[in-house]
Amino acid sequence: VQAKRIIEQEHRSLAAVLHGMLFVVREIRYGGSAANFDLLFAMVDYLENFSEKVHHPKEDAYLFERVAARCEGAGPTIERLREQHRAGGEKIDALKRSLARYQEQGDPAFADFAAQVAGFAAFHWDHMRTEEDVILPLALAHLSRDDWALIDRAFLGHADPLLGVERGDEYQALFKRIVELAPPPLGLAPRR
Ligand SMILES: [Fe+2]
Ligand SMILES: [Fe+2]
């Protein structure tokens, strides 16, 4: 099923950025690196724009909607995941505010930012794991061919012009910017 592959790929991209942020925080804490705020803001932007504006709305409108309709037992898990989608925006705002404070105030604000990154990464990983380990297997077991055709269209970007292919290019460009700004082993930027 194409949509399953796309969802897993989108999760890998999000996980790469979460790992990247944790890596950068560790380099600052233990490696004595200076914070690269262009990179950190690009990472937060990617999480905000891609997961909040594209990935989660598609899951809510297509995947969760179909699984809830076909599989009654999935109700409580889907409700919890939808609630996490709603909470995600507020968590990213808090992360962004904490990053802005770190940029303004420097070292005294670092510990809060590091804790925000760790908390957000754990929250997001747990969320994605539930989708992959619980929801996708239920979808494979219960959805019809027509259900999947609908979800495939959405995730391939053909169902909703707002979530379409052009937007996909925009997010790839954002991801590419992160790779260009990040030092090895994460990305391609020269070490600072
Ligand atoms: Fe989700
Ligand atoms: Fe997801």
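Heads up: numbering here begins at 1 and tracks the sequence. Any value given below was found using the heavy atoms of this structure, including those in side chains, with hydrogens, waters and symmetry copies removed.
G73 and P76 make their closest contact through O-CD, 3.5 Å (heavy atoms, listed as atom of the first residue, atom of the second, distance). For L18 against A121, the heavy-atom pair with the smallest separation is CD2-CA, 4.1 Å. For A68 against I78, the heavy-atom pair with the smallest separation is N-CD1, 3.8 Å. Minimum heavy-atom separation, A74 to L138: CB-CD1, 3.7 Å. Residue A42 comes nearest to L181 through the heavy atom pair CB-CD1, 4.1 Å, listed as atom of the first residue, atom of the second, then distance. The heavy-atom pair separating P57 from S51 by the smallest distance is CD-O, 3.9 Å.
For E8 and R12, the salt-bridge test fails: no basic side-chain N is under 4.0 Å from an acidic carboxylate O.
The salt bridge (charged side-chain N to carboxylate O under 4.0 Å, His left out) check on E90 picks up R97, with sequence neighbours excluded. For T77, the side-chain contact (heavy atoms from CB on, under 4.5 Å) test picks out L81, T130, V134, I135, with sequence neighbours left out. For K91, the side-chain contact (heavy atoms from CB on, under 4.5 Å) test picks out A87, F120, F123, with sequence neighbours left out. With sequence neighbours excluded, no residue forms a side-chain hydrogen bond (donor to acceptor under 3.5 Å, both in side chains) with D45. By the salt bridge (charged side-chain N to carboxylate O under 4.0 Å, His left out) test, R26 pairs with no residue at all, sequence neighbours left out. R29 is linked by a side-chain contact (heavy atoms from CB on, under 4.5 Å) to F110, A114, counting only residues two or more places apart in sequence or in another chain. Every residue two or more places apart in sequence or in another chain that forms a ring pair (Phe, Tyr, Trp, His ring centres under 6.0 Å) with H85 is listed here: H56, F64, H127. For E83, the salt bridge (charged side-chain N to carboxylate O under 4.0 Å, His left out) partners two or more places apart in sequence, or in a different chain, are R86. In this view, Q103 and F37, F41 satisfy the side-chain contact (heavy atoms from CB on, under 4.5 Å) rule, not counting sequence neighbours. Partners of E52 by salt bridge (charged side-chain N to carboxylate O under 4.0 Å, His left out), not counting sequence neighbours: none found.
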Margin query: Please evaluate residues N36 and V24 with respect to the criterion side-chain contact (heavy atoms from CB on, under 4.5 Å), reporting the C-alpha separation (whole Å), side-chain torsions for both, the decisive distance (0.1 Å), and the verdict.
Written below: CA-CA 9 Å; N36 178 345; V24 168; 6.0 Å; no

Next item on the list: Could you please spell out the steps behind the side-chain contact (heavy atoms from CB on, under 4.5 Å) verdict for V44 and M21?
Entry: CA-CA 9 Å; V44 175; M21 290 192 98; 3.5 Å; yes

Next item on the list: Go through the steps for R177 and L39 under the test side-chain contact (heavy atoms from CB on, under 4.5 Å), then give the verdict.
Entry: CA-CA 8 Å; R177 178 168 154 74; L39 171 62; over 6 Å; no

Please report, to 0.1 Å, the donor-acceptor pairs under 3.5 Å made by any side chain of residues 144-151, with sequence neighbours excluded.
| unit_1 | atom_1 | unit_2 | atom_2 | d |
| --- | --- | --- | --- | --- |
| S144 | OG | D146 | N | 3.4 |
| S144 | OG | D147 | N | 3.1 |
| S144 | OG | D147 | OD2 | 3.2 |
| D147 | OD1 | R66 | NH1 | 3.1 |
| D147 | OD1 | R70 | NH2 | 3.1 |
| D147 | OD2 | R70 | NE | 2.6 |
| D147 | OD2 | R70 | NH2 | 3.4 |
| D147 | OD2 | S144 | N | 2.9 |

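Rounded to the nearest 0.5 Å, atoms CD1 (I28) and CZ (F23) are 10.5 Å apart. With rounding to the nearest 0.5 angstrom, the CD atom of E104 is 10.5 Å from the CG atom of L99.
Between Y102 and P108, the closest side-chain pair of non-hydrogen atoms is not below 4.5 Å. Side chains of Q84 and D126 form a contact here, defined as non-hydrogen atoms less than 4.5 Å apart. L140 places none of its side-chain heavy atoms less than 4.5 Å from the side chain of L136. In this structure, I7 and K58 have side chains that are not in contact, with every pair of non-hydrogen atoms separated by 4.5 Å or more. Counting heavy atoms from C-beta outward, L14 and H124 have side chains that approach closer than 4.5 Å.
Between the side chain of S98 and the backbone N or O of Q116 there is no donor-acceptor pair closer than 3.5 Å.
Between W125 and H11, a ring centre-to-centre spacing not shorter than 6.0 Å is recorded. Side-chain rings of Y46 and F175 approach one another, their centers coming within less than 6.0 Å.
The salt bridge (Lys or Arg N to Asp or Glu O under 4.0 Å) contacts involving residues 30-41 comprise nothing, where partners must be two or more places apart or lie in separate chains.
The side-chain contact (heavy atoms from CB on, under 4.5 Å) test with F155 is passed by exactly one of E59, R5, K4: E59.
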